[in-house]
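Worksheet for the structure shown next.
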Amino acid sequence: MGLVMGTFSMQSNKQDRTYRKDKIDDDFELSIVCHRPEGLDKLEAQTNFSKQELQVLYRGFKNECPSGVVNEDTFKQIYAQFFPHGDASTYAHYLFNAFDSAHSGSIKFEGFIMALSTLLRGSVREKLTWTFNLYDINRDGYINKEEMTDIVSAIYDMMGKYTYPALKTDTPKQHVDAFFQKMDKNRDGVVTLDEFILSCQEDENILRSLQLFKNVI
Amino acid sequence: MAAGVATWMPFARAAAVGWLPLAQKTMPKPPVDKKSRSDEILFVNVSGLRFQTWKNTLDRYPDTLLGSSEKEFFYNEETQEYFFDRDPEMFRHILNFFRTGKLHYPRHECIQAFEEELAFYGIIPEIIGDCCMEEYRDRKKENQERLAEDTEAENAGDAPLPPDATLRERLWRAFENPHTSTMALVFYYVTGFFIAVSVIANVVETVPCRPIKGSIKDLPCGEKFSVAFSCLDTACVLIFSFEYLMRLYAAPSRCDFARSVMSVIDVVAILPFYIGLVMPENEEVSGAFVTLRVFRVFRIFKFSRHSQGLRILGCTLQACASELGFLLFSLTMAVIIFATVMFYAEKGTKGTTFSSIPASFWYTIVTMTTLGYGDMVPDSIAGKIFGSICSLSGVLVIALPVPVIVSNFARIYHQNQRADKMRAQQKVRQARIRMAKKGATNAFLQHKEDGGLQDGDGDSTPLCVKNRSAFEHQHHHLLHCLEKTTNHEFTDEVTYSEVCVTDSLGFRTSRSTSLSSQQGATTTCCSRRAKRRAFRLANSTVSVSRGSVQELDTLHVTKTPAGTQYPQSRSSLNARTENLKLNCDDYTAAIISIPTPPANTPDESLPNSPAIPGILRNSRSSTFNTQETVKISSL
């Protein structure tokens with residue numbers, strides 16, 4: 001008698017369990033994207049880094065992102081750790097787009113390394129071009145005031161609230177105006193790549209600062 | 001491809017000889033293997049533990065880290081080995097996977113640590129062998145549930161309302177989380193009190209009281225003090241109705257609320273009263289009405305809003321519905337069987353109480369639950385035998401599902417405990433995280449104070465700066481670059497608030513031009529804040545208002561002598577022009593409109609950057625930046 005009952009109820013339980021298992025299978029839908037970078041030799045040829053430097057960089061990269069790719073949220077978190085005072089997420093967003101030149105939504109190690117190679121070991125023109133692409137949010141070849149204001153506001157956001165002197169609401173705007181004053185040679189309201197490079201090359205301090213970060217590794 | 005297949009490749013290729021006679025075209029050239037075929041032993045050093053394995057073993061799975069060229073990134077030329085800075089215990093399992101083709105999950109390891117290692121080595125967890133898959137899935141599900149609960153506990157409830165919450169939202173929140181506001185708490189306790197009063201009144205009104213004078217029979221108290229009890233009842237019902245209507249109004253989704261269990265209980269609790277109001281006073285209906293009063297006892301279920309234990313019990317019963325169903329079903333079947341048997345066994349006995357099978361149900365239930373009232377007892381021998389079998393099987397059947405129910409209750413109870421603990425610890429955790437973040441912030445400010453940002457000579461950098469790690473140096477350099485980009489500096493909260501206060505103070509003083517008021521302002525400044533900071537700023541402001549006409553562009557910087565640490569006496573007038581970059585932009589306006597003074601403020605070293613009170617004591621001499629400073633502030 002008990003056996004009959006037992007088997008009856010066990011039947012229903014088993015069905016429940018298989019149903020639940022199916023659901024779990026769906027949950028286990030692979031969201032794991034794994035990416036492996038190209039060979040060490042190939043990367044060494046393409047960039048200006050030595051093998052040891054590439055190894056060091058890769059180990060750090062892999063530690064943070066075992067899957068081999070960085071998505072935007074992870075990137076924002078990493079970047080925010082360096083600027084605990086303020087909110088680094090907006091600037092990290094623009095930075096992410098500048099690194100992710102293919103607009104795939106994630107940065108792989110190759111992209112990361114290429115950008116680093118340009119920024120640390122590239123020529124002045126290459127560095128300035130990269131910076132221009134960072135500022136040119138919509139990639140139309142021109143930097144207009146809105147784009148620049150966005151970038152500058154994002155930078156000021158990183159300062160946080162407690163600054164000296166206190167930040168005013170139009171501080172970014174003033175900064176942008178000064179920037180355009182300097183860079184926009186033909187006063188047409190936008191800055192092109194050539195104007196940008198020309199103006200930067202005229203400014204000794206910018207040229208000098210570009211060499212500052214050479215020995216970052 | 002699976003592991004073993006690679007091993008069989010030579011065999012498969014050799015067996016291709018069997019096609020040769022049949023082939024219609026000539027066979028293609030075989031692939032040339034440039035590398036030497038001999039296998040080599042690779043050394044893998046994982047945090048000091050050295051593993052050795054054949055290269056072929058690792059090559060079996062080319063889409064993992066160890067099987068692909070990705071491992072070259074970890075190759076150490078000097079020691080000729082691959083070095084991984086990971087957990088050596090876990091690596092054992094990873095390597096076993098390569099060797100045997102089956103991935104096992106170590107039961108004593110944390111599930112997340114294991115998954116991270118797998119992600120690092122590029123192995124998908126789904127390859128875990130059947131022997132360990134069940135355990136892995138269970139642990140993973142448990143972990144995910146726990147994380148989901150934790151995030152839910154974080155987000156739920158205690159988050160402060162947005163400031164523009166409507167009355168409805170605020171009311172709903174007050175009802176759902178009574179500890180958020182005092183009014184809600186008061187309301188919560190008041191309703192709880194009235195529920196208790198109502199239930200106690202229901203109970204007490206049936207107790208027999210002493211009879212009224214001139215009567216013998218004991219009256220229940222309800223009829224003796226009928227007025228009092230009915231007033232009490234009315235009051236309670238009014239309060240419950242009010243509460244229900246308020247909840248209905250405040251609920252974000254009225255349909256869902258009306259269908260929820262608690263709302264049904266509320267309605268059932270107050271309905272008898274209202275039905276009684278509309279009920280006409282005739283005999284037959286009032287009998288039914290009396291029965292309806294039974295429903296008043298449901299008011300006690302309203303306590304489940306106030307008691308978490310009751311809610312947990314309700315949850316448990318809900319979760320164990322299948323076990324309870326099984327219990328009920330098996331009991332029913334047993335009752336029917338034994339009742340039938342007992343009936344036919346006792347049929348022969350004269351004057352037996354087992355008059356029918358349904359009548360025997362009572363005996364069976366009482367016996368199976370081991371109650372044994374003794375109002376129905378078998379007489380015949382067969383009856384007694386079957387009766388004893390009945391009681392024994394009763395014990396077994398009831399004992400089976402009970403542990404399941406108990407364990408479910410324990411699980412849900414512990415979950416609730418954890419949620420409560422999480423919420424309590426949440427505040428402490430947030431505070432500690434904030435402290436840690438402040439630590440990072442303060443590190444930079446401390447660095448600045450220690451003179452870490454000076455350019456140049458290594459000798460004069462203080463020891464505390466030198467001893468900082470390379471990472472810290474680079475981080476501070478990065479923050480310093482940001483400061484220079486924006487031309488603002490980081491300060492801490494205290495200084496910021498003080499500066500802003502003195503701003504407003506200073507601005508007011510700058511307007512006044514009379515000397516006495518200036519003096520007065522100064523003295524009030526000084527007396528109010530006996531700190532150096534206010535001094536300097538107050539001085540600046542005073543000097544601004546004092547001044548003679550001076551064009552803005554004559555403001556220029558002088559290199560102040562290094563080492564002027566403390567302000568000289570205020571009365572000494574040094575003819576020094578200083579760059580008075582004052583704080584708020586209101587000031588800048590003030591400078592432009594109000595003539596600026598000749599330099600007679602005895603302020604101490606004002607370098608290009610403004611005197612951050614108390615933070616900067618070292619002079620900095622980068623005039624370049626100053627010019628920019630002036631330029632921007634003059635815009």
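Values reported hereafter were calculated over all heavy atoms of this structure, with side chains retained and with hydrogens, waters and symmetry mates removed. Model, not experiment: these values are computed from the prediction. Here is how names work: the chains are called A, B, and so on, in the same order as the sequence lines, proteins then strands, and each is numbered from 1.
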Decide if the gap between the ring center of B:F73 and the ring center of A:F109 is smaller than 6.0 angstrom.
-> yes
With a 4.5 angstrom heavy-atom cut-off, could you sort out which part of B:Y75 is near chain A: side chain, backbone, both or neither?
-> both
Closest non-hydrogen contact found for A:L95 with A:W130 is CD1-CH2, 4.0 Å
Would you mind checking which part of B:T332 comes under 4.5 Å of any heavy atom in chain A, side chain (CB onward), backbone (N, CA, C, O), both or neither?
-> neither
Would you mind reporting whether A:I113 and A:F61 have side-chain heavy atoms less than 4.5 Å apart?
-> no
Side chain, backbone, both or neither of B:H488 within contact of chain A (heavy atoms, under 4.5 Å) = both
Cationic N near anionic O, under 4.0 Å, B:K140 to B:E115 | yes
What part of B:L396 gets closer than 4.5 Å to chain A, counting heavy atoms only: side chain, backbone, both or neither?
-> neither
